[in-house]
Amino acid sequence: PRWRQAWDDQGIFATANDDPKPKYYVLEMFPYPSGRIHMGHVRNYTMGDVVARYKRAAGNAVLHPMGWDAFGMPAENAAMAQKVHPKAWTYENIATMKKQLQSMGLSLDWAREVATCDPAYYKHQQKLFLDFLKAGLVAREYRKVNWDPVDQTVLANEQVIDGRGWRSGAVVEQRDLHQWVFKISDYAEELLEAIDTLDRWPDKVRLMQKNWIGRSEGLLIRFALKPETTPGGESELEIFTTRPDTLFGAKFMALSPDHPLSLAVAKNNPELAKFIEDCHHLGTSQEAIDTAEKMGFDTGIKAVHPFDPSWTLPVYVANFILMDYGTGAIFGCPAHDQRDLDFVNKYGLGNIPVVCPEGQDPKTFVITTEAFTDDGRMINSRFLDGMTIADAKNEVAKRLEKESRGNRPVAQRQVNYRLRDWGISRQRYWGCPIPMIHCEKCGVVPVPDSDLPVTLPEDVSFDKPGNPLDRHAAWKNVKCPTCGGDARRETDTMDTFVDSSWYFLRFTDPWNENAPTTPEIANAWMPVDQYIGGIEHAILHLLYSRFFTRAMKKTGHVNLDEPFGGMFTQGMVVHETYRKKNGEWAMPAEVTIVSEGDTRKATLTATGEPVAIGAIEKMSKSKRNTVDPDDIMESYGADVARWFMLSDSPPDRDVIWSEEGVQGASRFVQRLWRLVGEIADVTAPAERPTKFSDQALTVRKAAHRALANVSEDIEKLRFNRCVAQIYECANALSDAIGSAETAPSPDFAWALREAGDILVRLFHPMMPHLAEECWAALGHTTLVSTESWPTVEADLLVETTITLPVQINGKKRADVTVPRDAEKADIETAVLALDAVQRALDGKSPKKVIVVPQRIVNVVA
RNA sequence: GCGGACGUGGCGGAAUGGUAGACGCAACGGACUUAAAAUCCGUUUCUCGUAAGAGAGUGAGGGUUCGAGUCCCUCCGUCCGCACCA
């Protein structure tokens, strides 16, 4: 606390927007204020802090802010369960968690703190919404939602468990509700293409984003219908396909149950109406989809094959056709699509193979239960026969594009995306109000800018189901800003993903009360140079933020496309689980572990009851395998927690939190402190010696090598290797001191002090409190947190003589020590003279000798 | 089903195509101590050997190369993402 006080007093982590040094913006995903920080936060924020402290020392103006993703459902749940107001609950949690974060010694600029539930923040978000609306990036659509009839609320997919509401247990219904959507799909192509420019993002995340956007190229084809078979004389049906080449293998057409034509037929066909109704109850959960059988209903409608007026196809309504994708209708080619094949096999429609694998005789090629989806040559397809799939696709498109019906071509090429527009309406209280007003006369009217923010009313209750905003007459009923007549507010609030889609921009100038950003300042700080967070946000949060940045560019709030230059996804913190005899879980803090030889045994500390040691799993409340960061920081200190978080695993993999590991970290902290104490006891000359003994050189080399390696490893976020380097350096210094004569010579003493100064600055980003203490012990009066990063003496990294491994036929058999810049021929001579080589050659001359300078020698016998 | 990642000692993990196992944890032996803890010194991939040493070894099998944990192919296993996307 002493050092944190010193940092605060001197304000060394506050960042000025006019700092002339090169900028570096490091950001960790801001937390949801759930109550207390957990180990995942400790890991995330430690990594970010190492980067921030390193970059600051390396001469950058570092922006390293923190805030709170403060809207969301848990606050409402708490309100319902504990009769506390969501706002009070949230701000209490923020206060607790802020204190916890501060005790970690993070180098954050708290002056820039924002909370998304603060009207001073969401006011600007409402402004952004209105700007987006003007720019045509907002729309209002009917969307299917999961409706809980008991709680009278919309449920997210994750809240629907086995088709029932997670809280009420009521059977969930599908309802069409008016939803505000952001038109992210307008940017689908751009968001997809720009992924290739994100070269400092993990490949995995880039791939996940690509798949999520899900681009596919295909053909829209308008099939003619026999009007006498349709309910209202409809004459055509438009479908989307990526396989127009298989048109001559068509066996049926299928409509989504929600397709307008399906609904039209159902009006006079109770059986179909029932079928559609059943489809709606099938549920949207993964298991339901996995196990659902392909089912169809023949509407009696006949479609005409686009290349053969005499060829008609039956039109079915089928449960596996999605209204959301393409046109909600397909043509089915069973031979080359597994779903279509399952379907025809069930309804006895048969199949015609039209693509034949290379090398197979078309006459004997038949499809039974396995569709053929690989490449091949066209067969049974009239003018397409013999073509490749790609050529056939082209040929079909070319012919149908030329043909027209009713002044429009029969087909046109189209690109389709899996990405859907972003529905942001949530029927909840604790979120950012959507600044719109519904007027009977004028329709939906935006709240004028001058009336922002639309603040949440605080006098609400959660004792009844549904959204309290809906019941709050005084808040809800307003005058229409256009006509002045009676109107009502939009009572939906925004998805909390909106809040987190631009906070990184707000941090650049959180003091601007008039606008979301100050564009010059935002432009100067952006993009975020290093963003660090969990893989769970690899898709939605990052994609939404990328969209938001583009939308804010379009509306003049910032001038860049990609918000995050570098992205890093950290692994989880996992821990052993412990189970009592009665099946209950025990917490790590309640358990004592004893090692007996190779086996470990666990007992309850309080009662001595043995507990079973279970699998290592993600820390979770349900398995109770959590460790409270406060407990660790109290018993070991923040630096130990930080050090262990960085030490054990590569940062992108899971780290196993273990008592033994923490103790190891703690031992090392003590050791470093003793080591620095010993160095501090050495009296060194003020002047740098002109000559160094071998002993002194060894120490200097160890320190400078560690310096070079740690710098590189921090740049590449390889913190586990930094830790190993620092261990090695400390080991080398200990050894040097241990082997030294009683009174160190001046040059050795000087080298030791130099190495000590370097070592302390090297581990400062990881263990700032210890580093300050050590820095002071070494006699410095400055704060190590403000010191610059040491400079490597490159000469010290280069050895004058080196020892090369000598391989014989690829196996290491000897070493040879040669001058660093020895000629290949000289090395070869030296190697051939070695006993081991002579023995292996047995008098013969080698077939070949490969000398890789400064690396290795390989003798091929 | 589609896509991707990974597989190295008892464990976490190191290793620009160039000495496999850095560093840490655990374990074992020793010193100090009345004792324990802490600390310090040492051993620790496996097999054979008292030792010097020899042989094997990065999931399995094949290939490229003077040389493969690393690159290529096949298979096995684990994990992750998406998933009735036409």
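Convention: sequence-line order gives letters A, B, ...; per-chain numbering from 1.
Comparing B:rA26 with B:rC11, their P atoms sit 15 Å apart, to the nearest whole Å. Rounded to whole Å, the P atom of B:rG10 lies 26 Å from the corresponding atom of B:rC76. Straight-line distance between the P atoms of B:rC71 and B:rU58: roughly 15 Å, to the nearest whole Å. Distance noted for atom P between B:rU74 and B:rA5: 14 Å (whole Å). Rounded to whole Å, the separation between the P atoms of B:rC25 and B:rG18 comes to 29 Å. B:rG4 sits 14 Å from B:rC75 when the P atoms are compared, rounded to a whole Å. When the C1' atom is used for both B:rA68 and B:rG17, the distance is 7 Å, rounded to whole Å. Between B:rC40 and B:rG24, the two P atoms lie 12 Å apart (nearest whole Å).
Applying the 3.5 Å distance criterion, the base of B:rC66 shares no donor-acceptor pair with the side chain of A:K847. With hydrogens and angles left out, the side chain of A:R855 and the base of B:rU16 share a donor-acceptor pair within 3.5 Å. Residue A:N211 places no side-chain atom within donor-acceptor reach of the base of B:rC82, judged by atom type and a 3.5 Å distance cut-off alone.
In this structure, the NZ atom of A:K204 is 13 Å from the P atom of B:rG4, given to the nearest Å. Rounded to whole angstrom, the span from the NZ atom of A:K824 across to the P atom of B:rC66 amounts to 14 Å. For A:D648 and B:rG24, the CG to P distance is 12 Å, given to the nearest whole Å. Taking atom CZ of residue A:R813 and atom P of nucleotide B:rG53, one finds them 13 Å apart after rounding to whole Å. Straight-line distance from the CG atom of A:L543 to the P atom of B:rC82: 13 Å, rounded to whole Å. When the P atom of B:rC85 is taken as reference, atom CD of A:Q338 falls 11 Å away, rounded to whole Å. A straight line from CD1 of A:I850 to P of B:rC66 spans 7 Å, rounded to a whole angstrom. Between the C1' atom of B:rC85 and the CG atom of A:L219 lies a distance of 17 Å, rounded to the nearest Å.
Applying the side chain to side chain donor-acceptor pair (under 3.5 Å) test to residues at least two apart or on different chains, the pairs with a partner in residues 851-861 of chain A are A:R820-A:Q854.
Out of B:rA14, B:rC84, B:rC85, the shortest distance to the side chain of A:N319 is found at B:rC84. Distances were taken from every side-chain heavy atom of A:Q807 (C-beta onward) to each of B:rA86, B:rG67, B:rA26; the shortest belongs to B:rG67. You'll find that the side chain of A:K812 is closest to B:rU19, out of B:rC85, B:rC23, B:rU19. Each of B:rC23, B:rG13, B:rA86 was ranked by its minimum atom distance to the side chain of A:A724; first place goes to B:rC23. Comparing B:rG13, B:rA83, B:rG24 by their closest approach to the side chain of A:W212 singles out B:rA83. The listed nucleotides are B:rG12, B:rC23, B:rC82; the one nearest the side chain of A:Y727 is B:rC23.
Here A:E660 lies in heavy-atom contact (under 4.0 Å) with sugar-phosphate atoms only. Counting non-hydrogen atoms under 4.0 angstrom, A:S647 reaches nothing in the nucleic acid. Note on A:L207: only backbone sugar-phosphate atoms sit closer than 4.0 angstrom, heavy atoms only; bases stay farther off. Heavy atoms of A:F240 sit under 4.0 angstrom from at least one base atom. Contacts of A:V852 with the nucleic acid, taken as non-hydrogen atoms under 4.0 Å apart, include base atoms. At the heavy-atom level, A:D324 lies nowhere under 4.0 Å from the strands shown. Residue-level contact check: A:N858 touches the bases, meaning some heavy atom is under 4.0 Å from a base atom. Heavy atoms of A:G664 sit under 4.0 angstrom from primed sugar atoms or phosphate atoms, though from no base atom.
In this structure a side-chain-to-backbone donor-acceptor pair under 3.5 Å is present from A:N319 to A:M295. Of the possible polar contacts, none joining the A:T246 side chain to the A:C333 backbone as a donor-acceptor pair under 3.5 Å is found.
Within the structure, a side-chain polar atom (N or O) of A:R667 is placed less than 4.0 Å from OP1 or OP2 of B:rA26. Phosphate proximity of B:rA14 to A:N720: present, with a side-chain N or O under 4.0 Å from OP1 or OP2. Not one side-chain nitrogen or oxygen of A:R339 sits closer than 4.0 Å to the OP1 or OP2 atom of B:rA86. Between B:rC40 and A:R674, a contact under 4.0 Å exists linking OP1 or OP2 to a side-chain N or O. For the OP1/OP2 pair of B:rC85 and a distance below 4.0 Å, the side-chain nitrogens and oxygens of A:T242 include no atom meeting the criterion. Dashed line: the shortest gap from a side-chain N or O of A:Y325 to OP1 or OP2 of B:rA86 is under 4.0 Å. The shortest distance between the side-chain N/O atoms of A:R418 and the OP1/OP2 oxygens of B:rA83 is below 4.0 Å.
The residue among A:I321 and A:S658 whose nearest nucleotide of RNA chain B is located toward the 5' end is A:S658. Closest-nucleotide positions on RNA chain B for A:E728 and A:K848 were compared, and the one nearer the 5' end corresponds to A:E728.
Using the six-membered ring where Trp is involved, A:Y544 and A:W422 have ring planes that are parallel, under 30° apart on the 30 and 60° scheme. Using cut-offs of 30° and 60° on the angle between ring planes, the pair A:F668 and A:W643 is parallel.
Aromatic ring centres of A:Y347 and A:F252: separated by at least 6.0 Å.
With pairs defined as Watson-Crick or G-U wobble and both atom distances under 3.5 Å, the stems of at least three pairs that touch RNA chain B come out as B:1-7 with B:76-82, B:10-12 with B:23-25, B:27-31 with B:39-43, B:45-48 with B:53-56, B:59-63 with B:71-75.
With A:L804 as reference, A:V816 is the one residue of A:V852, A:V831, A:V816, A:T817 to meet the side-chain contact (heavy atoms from CB on, under 4.5 Å) rule.
The shortest heavy-atom contact between A:A318 and A:P257 is O-CD, 3.3 Å.
Taken to the nearest 0.5 Å, the NE2 atom of A:H537 stands 8.5 Å off from the CG atom of A:L542.
Using a 4.0 Å cut-off between charged nitrogen and carboxylate oxygen, A:D337 and A:R243 do not count as a salt-bridge pair.
Classification of B:rG21 as anti follows from a glycosidic angle more than 90° from 0.
Under a cutoff of 6.0 Å and an axis angle of 45°, A:K294 and A:F320 form a cation-pi pair.
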